[in-house]
Student: 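So that we are looking at the same thing, I have put the structure below in structure tokens.
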Amino acid sequence: MTARSRTRSEAEFERALKVIPGGVNSPARAFGAVGGHPVVIDRGEGQYLYDIDGNRYIDFVGSWGPHILGHLHPQVMSGIEEALKKGTSFGAPTVLESELAELVAELVPSVEKVRMVNSGTEAAMSAIRLARGYTGRDKIIKFAGCYHGHVDSLLVQAGSGALTLGAPSSPGVPQGCTADTLVLEYNDIEQLKETFSQAGDQIAGVILEPVVGNMGVVLPEPGFLETVRELCTQHQSVFIMDEVMTGFRVALGGAQQRFGVTPDICMLGKVIGGGMPVGAYGGKAEIMDAISPVGSVYQAGTLSGNPIAMASGIATLQCLRETNPYPELEAKTQRLTKGLSAAASKAGLPHTLAECGSMFTLFFNPEKVTSFAVSSQNDTERFARYFQGMLDRGIYLPCSQFEANFASTCMTDEDIDQTIQAAEEVLQSIG
Ligand SMILES: *Cc1c(COP(=O)(O)O)cnc(C)c1O
């Protein structure tokens, strides 16, 4: 197959570069890790994206997670349309906010009360402030390779095995902002125990992705989440599960339901908004009531609980609850990942495939990826060639080895076959 023409995308991107830093409103969209310029999207429909040159792609990005039901889902669109007729924002309570909060509390095991915000980043920032305010302690444990949005105190360089005292990984983050962030290696139970035994009474909380999606998909080893739970209970620290990616994705009740480990607070985002900007943090009522206006931990938002965004989220969660698409979606994803693995083996390429539900990563790394230390050994140059080859064949993958791929409920057997076929060709050619 020949590379498709993307001349209009090229021209539009040149235009964007003049007025938008790097031409993008979020750096993950730039093709920095794979070369070339981003595809400029005209519209989505179900499992497909169409670019402004008229090319069609099978979409494994799904807006980086939200579109588990695909684009333009009829139930979600009609929810949004109904809400739109009444106005776009009031800055006063609406029925829709309680409806979405009730759905979240019903579906997510740890949630008794929930506060809506506008992004995962905002949810992380607020959850951390809450953990600190509630405990009266300052230190937060995070794990290398976990991403919790661009919150100052969590933008900390990945440690290399040893416990690293936070050094900011972005200019503009003062040293002081990360001084209370302890960075540990994901899945390292011993290191975690040791840190708690040394500093347990200073630790406000532990924040983690229960399945990591932001160093490629990395699963928790047996006992890891359970140990975090035990240590947090023992030392009265707040266990914060960042389910922005995994919430309503790896199971209806998220990773906490799938793995049977309940945090004190969890963060939600992506799927919860069905494609509109929504983030949320929720958990035990006793902890949540420490935030304003009941408690004194301040957090606010002019557009928080926006009615259009709430309507989109309600329709999405209702649809997921009614249809329970998870078993079928997971089976479909497994057929795809088996096909990708087989194609990589046939081409003689060292690889591992990590997956959980409908999220997966094909790593160009022969070793099982359990931590950032291992993930950073991937052959990213080979990934770049894989990515470009797939794009040329109408398969839209995340433009980084370190991002999760997502399947959606509208993908057909034909889409899966077409993706495997493309991967066979591309992987052969880059072997
Ligand atoms: C995407 C993501 C975030 C950040 O959410 P934004 O809406 O982009 O601010 C935080 N945590 C995890 C696990 C994510 O995947």
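Counting convention: from 1, in listed order, for ligands and their atoms alike.
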Student: By the definition side chain to side chain contact (heavy atoms under 4.5 Å, CB included), identify the one residue from Asp415, Asn405, Thr419 that meets it with Leu336.
Tutor: Thr419

Student: Identify whether the distance between the nearest side-chain nitrogen and carboxylate oxygen of Glu330 and Arg335 falls below 4.0 Å.
Tutor: no

Student: When the ring centroid of His351 is compared with that of Phe364, is the distance short of 6.0 Å?
Tutor: no

Student: So which residues, sorted by chain and number, lie with a heavy atom under 4.0 Å of ligand 1?
Tutor: Ser119, Gly120, Thr121, Tyr147, His148, Gly149, Glu209, Asn214, Asp242, Val244, Met245, Lys270

Student: Would Arg115 pass as a cation-pi partner of Tyr281, given that its NZ or CZ must be under 6.0 Å from the six-membered ring centre and within 45 degrees of the axis?
Tutor: no

Student: Using the side chain to side chain contact (heavy atoms under 4.5 Å, CB included) criterion, which residues pair with Thr370? Sequence neighbours excluded.
Tutor: Asn187, Glu221, Lys368, Val374

Student: Could you measure the distance from the CG atom of Leu362 to the OG1 atom of Thr337? Nearest 0.5 Å is fine.
Tutor: 10.0 Å

